[in-house]
Amino acid sequence: MGTGRINQKQRTRTAIVTAARELIGDGSEVTMPVVARAALVSEATAYRYFPDLSSLISEALAGVWPSPAEALAPVDDSADAVERVAFACEFLLRGIIAREGAVRAMIAATITRPENVTTRPGIRFGLIDHALQPLETTLARTDPETFAQLKRDLAVVVSAEALFTLTDLCGIAPDEAVASAVRTAKTLVAAAIG
């Protein structure tokens with residue numbers, strides 16, 4: 001294959017990923033047909049480069065989210081696990097709202113094809129771990145089972161699924177949903193360290 005053809009394939013792949021990133025950044029619906037149209041390629045071409053929507057979204061989101069340490073930098077000096085978890089929860093849920101179309105597409109893809117769960121990008125667990133670092137020398141040592149359970153409990157609350165349950169099923173506005181999830185996360189941490 002000549003250099004020109006290789007370059008063309010790279011430009012096509014880049015156009016598809018760039019189109020997906022732009023749609024994600026706009027909070028738009030992200031489907032393979034919509035991405036293909038935005039990239040000015042056929043849907044068949046998009047599928048030749050990415051076998052499914054989740055692999056495309058994973059690549060498009062690579063590097064978009066900061067590391068947990070970067071995300072929690074504003075509360076890095078705090079030893080208050082409740083404050084740190086509240087910040088992490090709000091950070092994640094606001095990021096999900098900003099990327100809602102892509103997040104919903106990834107959840108749908110992993111529900112219909114559970115084998116794709118490993119391709120689902122996410123920083124939830126890293127944020128939770130980083131937020132709970134002050135408890136590593138206390139609760140994690142004195143009561144490791146409670147600490148492990150707290151992490152599992154927070155994984156339910158600090159999540160896109162919780163946010164969408166509140167907005168879609170409970171019918172509350174996104175800001176109210178974020179506030180509700182943050183309150184619940186704070187309550188879980190306070191009860192665990194109680």
Side-chain angles (χ1 to χ4, degrees), residues 1-74 76 87-131 151 154-168 174 177-178 181:
M1 196 179 317
T3 304
R5 181 73 180 129
I6 291 171
N7 289 341
Q8 176 58 46
K9 290 183 107 179
Q10 186 57 46
R11 283 191 301 274
T12 301
R13 182 181 192 83
T14 300
I16 294 167
V17 172
T18 299
R21 276 194 187 124
E22 288 172 0
L23 290 165
I24 291 166
D26 293 344
S28 301
E29 177 185 22
V30 181
T31 65
M32 200 63 92
V34 171
V35 171
R37 275 193 303 278
L40 304 176
V41 300
S42 70
E43 190 176 342
T45 296
Y47 276 113
R48 273 195 291 281
Y49 287 85
F50 297 94
D52 51 46
L53 184 60
S54 60
S55 62
L56 170 56
I57 292 173
S58 290
E59 186 165 325
L61 285 176
V64 171
W65 288 93
S67 71
E70 293 167 331
L72 296 180
D76 199 47
F87 187 90
C89 184
E90 181 151 359
F91 175 85
L92 179 69
L93 299 184
R94 297 260 176 232
I96 290 166
I97 290 168
R99 300 166 182 88
E100 185 173 338
V103 174
R104 286 182 182 274
M106 285 301 288
I107 290 171
T110 56
I111 288 172
T112 58
R113 298 188 61 203
E115 66 274 11
N116 289 343
V117 168
T118 57
T119 65
R120 185 170 156 185
I123 63 166
R124 169 190 358 193
F125 297 109
L127 286 172
I128 291 168
D129 288 346
H130 199 76
K151 286 184 172 187
L154 288 171
V156 173
V157 176
V158 182
S159 70
E161 296 84 354
L163 177 67
F164 297 147
T165 296
L166 292 168
T167 57
D168 299 355
V178 170

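- A donor atom on one side chain and an acceptor atom on the other are found under 3.5 Å apart for T14 and Q10.
- Annotation: side chain of L127 is not in contact with side chain of V158 (no heavy-atom distance under 4.5 Å).
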task: In sequence, state the C-alpha distance, the side-chain angles, and the governing distance for V17 and Y49, and then conclude on side chain to side chain contact (heavy atoms under 4.5 Å, CB included).
output: CA-CA 10 Å; V17 172; Y49 287 85; over 6 Å; no

query: Which is it for R124 and L154 under the side chain to side chain contact (heavy atoms under 4.5 Å, CB included) test, yes or no, and what are the steps along the way?
result: CA-CA 9 Å; R124 169 190 358 193; L154 288 171; over 6 Å; no

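- Atom CZ of F164 sits about 9.5 Å away from atom OG of S159, to the nearest 0.5 Å.
- Legend: residues meeting salt bridge (Lys or Arg N to Asp or Glu O under 4.0 Å) with R37, ordered by chain and number and at least two apart, are absent.
- Closest heavy-atom contact between A60 and R21: O-NE, 2.8 Å.
- In this structure, CD1 in I123 is found 11.5 Å from NE2 in H130, a value given to the nearest 0.5 Å.
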Which donor-acceptor pairs under 3.5 Å do the side chains of residues 23-35 make with protein atoms, sequence neighbours left out?
{"unit_1": "T31", "atom_1": "OG1", "unit_2": "V34", "atom_2": "N", "d": "3.2"}

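- Taking all atoms of both residues into account, the shortest heavy-atom contact from L53 to A105 is CD2-CB, 3.7 Å.
- Looking at every heavy atom in both residues, T167 comes nearest to A177 through CG2-CB, 3.8 Å.
- What you find for A160 and V103 is that their closest heavy atoms are CB-CG1, 3.5 Å.
- Remark: R13 engages E59 in a side chain to side chain donor-acceptor pair (under 3.5 Å) (not counting sequence neighbours).
- Between I57 atom CD1 and D52 atom CG the span is 9.0 Å, to the nearest 0.5 Å.
- Shown here for A36 and A46, the closest heavy-atom pair between the two residues is CB-CB, 4.1 Å.
- Residues forming a side chain to side chain donor-acceptor pair (under 3.5 Å) with T18 (at least two apart in sequence, or on another chain): none.
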Considering only distance and modelled atom types, tabulate donor-acceptor pairs under 3.5 Å from the side chains of residues 87-97, sequence neighbours left out.
{"unit_1": "E90", "atom_1": "OE2", "unit_2": "R94", "atom_2": "NE", "d": "3.2"}
{"unit_1": "E90", "atom_1": "OE2", "unit_2": "R94", "atom_2": "NH2", "d": "3.4"}
{"unit_1": "R94", "atom_1": "NH1", "unit_2": "D175", "atom_2": "OD1", "d": "2.6"}

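- The heavy-atom pair separating P66 from A71 by the smallest distance is CG-CB, 4.0 Å.
- Residue pairs meeting the salt bridge (Lys or Arg N to Asp or Glu O under 4.0 Å) criterion with at least one partner in residues 97-112, sequence neighbours excluded, are E100-R104, R104-D168.
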